[in-house]
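Notes follow the structure.
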Amino acid sequence: MKKLFLLLLSFAALQVLASEYNVKDFGAVGDGKTLDHTAINRAIETCAAKGGGRVVVPAGTYLCGSIRLKSFVELHLSLGATILAAPAELKAYDESEVFGGPEYQDGGHTYFHNSLIWAEGQQHIAITGLGTIDGDGLTRHDTENAGNPQGGSIGTGDKAIALKLCRNVLIRDITIFRGGHFAIITTGCDIATIDNVTIDTNRDGIDIDCCKYMTVSNCKVNTPNDDGIVLKSSYALKKPVYTEHVTITNCIVTGYKLGTLLDGTYQPEKVNWVCGRIKLGTESNGGYRNIAISNCTCMWSSGLAFEEVDQGRMENIVVSNITMEHVHHYPIYITTGCRNRGPKERTDISYGANISIDNVVATDVDSLAGIIVTGMPGHPLKNIALSNIRIEYRGGGTADLADKPYREQSTHYPEPRWAGPTPAYGLYARHVDGLRVDRLNITLQRPDQRPAIILDDVVNDAFTAIQYPK
């Protein structure tokens, strides 16, 4: 009986080993000079053909073009393993697909196949391990398919990880350095988890577009030149699609100089047009609903931005337990507008309602703008609740700003920097029906001659326990 047990145990061990595929057994070298993506793709294809399992990338540096994930395959980057994106001149990336229709969204939201690691229409896929993806050879520019709308390649790799129309997705524990246009983008994906991922990149960190049932947790995202964690709802699927049922929790968003999150020097970057921040928008054709954001910190970054400007609906958003320090431009920004980046025949009007933000502490906040809550004339934001918020502004605003017209959002790109200083240094609200503010504490590093709070076309408002410099 003992021998039979040992035999069965050995057989079970062989089955486990048989489900793992070492890329070096398929010809990968890992010397940082030899193109290894062909060997890695062979390992993935073999694994998928045999019913799935784990493709293991052992320690080493693997120079790669496009790697194609398949259903039921886990790509595991071992500690000490680096997937290094090949330079454009090696032409190692797959051709971008044909979109076949008007493009109402940026190329980064349109083309996926010319990425470093990509999958489309796959299920039960994973990228795991303590290894690194280094996108040194990826472009950070919006030129994914310039001059060639019918598909094909312009020689560049665009994104570190691009997943479209996938289901049951896990990305866990990896590190991404220099992720290209987007370090991670998921479009039209259902049931996905991004957990304990560290990103130090030159454009967007994590973009979640037209997805549902998704969790982003325990991630550290450094984006000195663009957005950190972003929900979008573009026209990439050729129709308006909600991004919904998404939670973002226990994450850190920063705007340090590129690479200094990873090397531990944490050097503040100069203030760019935007850096860091947790954002909804601007691509917002479908909209956002049932979103929960909690227990996050922001350092040397912009704050929270919720922007519905492309005829979708933004509703049922709950935010709690957020800290910010050294905040660029604004701490909290909620807006609707009529940029209407979509088919001209649409008659929808951007809508925002039922947004609750509670328990926020922000220090050393830019004097450009206070909290901004703005709807549109005749189409107000509805039921906005701000509670237990403590903000320290730098101050320094002049009295004339209180009487200076503040532009309507209208068709403009929704960025407060380009609208100029707000008339109030603490809270500026316009076109709102139902504004509840409770326990708002405002302090200043130096005097500010603007009013602390201005309400313009705001009805059904209630303010309790408000403190600010007299």
Is a donor on one side and an acceptor on the other found under 3.5 Å between the side chain of Asp36 and the backbone of Val29? yes
Run Val319 and Phe306 through side-chain contact (heavy atoms from CB on, under 4.5 Å) and show every step you take. CA-CA 11 Å; Val319 181; Phe306 300 159; 3.6 Å; yes
Quick check against the 3.5 Å criterion: does Asp200 have a side-chain atom that pairs as donor or acceptor with the backbone of Leu261? yes
Compare every heavy atom of Asp136 with every heavy atom of Arg178, then report the nearest pair and how far apart it is. NH1-OD1, 3.3 Å
Would Arg68 and Trp118 count as a side-chain contact (heavy atoms from CB on, under 4.5 Å) if you check the C-alpha gap in whole Å, the side-chain angles of each, and the deciding distance to 0.1 Å? CA-CA 5 Å; Arg68 308 174 202 104; Trp118 69 270; 3.8 Å; yes
Compute whether any side-chain donor of one residue and acceptor of the other, for Thr132 and Asp134, lie under 3.5 angstrom apart. no
Testing the 3.5 Å rule here: is there a donor-acceptor pair between the side chains of Glu95 and Tyr111? no
Below 30° counts as parallel, above 60° as perpendicular, anything between as tilted: where do the rings of His328 and Trp300 land? tilted
Looking at Ser66 and Tyr93, would you say the former's side chain and the latter's main chain have a donor-acceptor pair under 3.5 Å? no
Under the side-chain contact (heavy atoms from CB on, under 4.5 Å) rule, what do Ile334 and Ile355 come out as? Steps first, then yes or no, please. CA-CA 9 Å; Ile334 305 170; Ile355 299 172; 3.8 Å; yes
Does Lys159 count as lying over the ring of Phe112, i.e. NZ or CZ under 6.0 Å from the six-ring centre, within 45 degrees of the axis? yes
From CG (Asp438) to CG (Leu386), nearest 0.5 Å: 10.0 Å
Can you tell if the side chain of Leu163 reaches within under 4.5 Å of the side chain of Ile171, non-hydrogen atoms only? yes
Tell me, with the steps shown, if Asn196 and Asp173 meet side-chain hydrogen bond (donor to acceptor under 3.5 Å, both in side chains). CA-CA 5 Å; Asn196 196 38; Asp173 297 336; 2.8 Å; yes
Taking atom CG of Asn295 and atom CD1 of Ile252, what is their separation to the nearest 0.5 Å? 11.5 Å
So the side-chain hydrogen bond (donor to acceptor under 3.5 Å, both in side chains) pairs with at least one residue in residues 358-369 (sequence neighbours excluded) are Asn321-Asn359, His326-Asp364, Asp358-Ser387, Asn359-Asn388, Asp364-Arg394, Asp364-Gln445
Strictly by modelled atom types, are Glu408 and Ser410 linked by a side-chain donor-acceptor pair under 3.5 Å? no
Are Thr249 and Ser294 linked by a side-chain donor-acceptor pair shorter than 3.5 Å? yes
Pick from Thr335, Ile357, Leu455, Ile384: which one makes a side-chain contact (heavy atoms from CB on, under 4.5 Å) with Val373? Ile384
Side chains of Asn222 and Thr254: is there a donor and an acceptor less than 3.5 Å apart? yes
Minimum heavy-atom distance between Gly188 and Cys211, given as atom pair plus value: N-SG, 3.8 Å
For Ser284 and Val309, indicate whether the former's side chain and the latter's backbone hold a donor-acceptor pair under 3.5 Å. yes
Which atoms form the tightest heavy-atom contact between Val73 and Ile44, and what is the distance? CG2-O, 4.0 Å
Would you check if Val216 and Cys251 make a side-chain contact, meaning some heavy-atom pair closer than 4.5 Å? yes
Tell me the closest heavy-atom pair linking Ile466 and Ile453, and the distance in Å. CG2-CD1, 3.9 Å
Main-chain N/O of Gly287 paired to Ser233 side chain as donor or acceptor, under 3.5 Å: yes
Using the six-membered ring of Tyr425, assess whether NZ or CZ of Arg450 lies under 6.0 Å from its centre and within 45 degrees of the ring axis. no
Using a 3.5 Å distance criterion without hydrogens, assess whether the side chain of Thr260 forms a donor-acceptor pair with backbone atoms of Tyr256. no
Using the side-chain contact (heavy atoms from CB on, under 4.5 Å) rule, take Ile133 and Ile117 through it: C-alpha gap first, then chi angles, then the decisive distance, then the call. CA-CA 10 Å; Ile133 297 170; Ile117 300 173; 3.7 Å; yes
Glu307 CD to Leu231 CG distance, which is reported to the nearest 0.5 Å: 11.5 Å
Would you mind reporting whether Val197 and Val221 have side-chain heavy atoms less than 4.5 Å apart? no
Please check: side-chain N/O of Arg203 versus main-chain N/O of Arg140, any donor-acceptor pairing under 3.5 Å? yes
Drop me the distance from Thr336's OG1 to Arg313's CZ, to the nearest 0.5 angstrom. 12.0 Å
Kindly indicate, with the supporting measurements, whether the criterion side-chain hydrogen bond (donor to acceptor under 3.5 Å, both in side chains) is fulfilled by His76 and Thr128. CA-CA 5 Å; His76 182 79; Thr128 66; 2.9 Å; yes
What residue among Asp209, Asp207, Asp227 forms salt bridge (charged side-chain N to carboxylate O under 4.0 Å, His left out) with Lys232? Asp207
Is a donor from one side chain sitting under 3.5 angstrom from an acceptor on the other, for Gln409 and Thr374? no
State, to 0.1 Å, how close Cys166 and Ala119 come at their nearest heavy-atom pair, and which atoms those are. SG-O, 3.7 Å
Using 0.5 Å steps for rounding, measure from the CD1 atom of Ile278 to the SG atom of Cys298. 4.5 Å
Does this structure show an ion pair linking Arg341 with Asp310, if we count only N-O contacts that are shorter than 4.0 Å? no
Checking Asp263 side chain against Thr265 main chain: does a donor-acceptor pair fall under 3.5 Å? yes
If the threshold is 4.0 Å, N to carboxylate O, is there a salt bridge linking Lys33 and Asp31? no
Given salt bridge (Lys or Arg N to Asp or Glu O under 4.0 Å), test Lys257 with Glu269 step by step and report yes or no. CA-CA 5 Å; Lys257 287 183 179 179; Glu269 178 62 285; 5.2 Å; no
Please find out if less than 6.0 Å separates the ring center of Phe182 from that of His109. yes
Give a yes or no on whether Tyr468 atom OH has more than 12 heavy-atom contacts from other residues, nucleotides or ligands under 6.0 Å away. no
What's the shortest heavy-atom distance between Pro423 and Ile454, and which atoms? CB-CD1, 3.6 Å
Measure from the side-chain N and O atoms of Thr223 to the backbone N and O of Gly276, and report whether any donor-acceptor pair falls under 3.5 Å. yes
Judged by modelled atom types alone, do Asp158 and Asn114 share a side-chain donor-acceptor pair under 3.5 Å? no
At what distance, to the nearest 0.5 angstrom, does CG of Asp195 lie from CZ of Arg172? 4.5 Å
Is Cys275 close to Asn225 at the side-chain level, that is, under 4.5 Å between some pair of heavy atoms? no
Backbone of Thr139 reached by a side-chain donor or acceptor of Thr156 within 3.5 Å: no
For Glu415, run the salt bridge (charged side-chain N to carboxylate O under 4.0 Å, His left out) check against Arg277, Arg339, Arg407 and tell me which one passes. Arg277
So that I know where these two stand, are Tyr406 and Tyr428 an aromatic pair - ring centroids less than 6.0 Å apart? yes
Between Gln467 and Asn441, does any side-chain donor sit less than 3.5 Å from a side-chain acceptor? yes
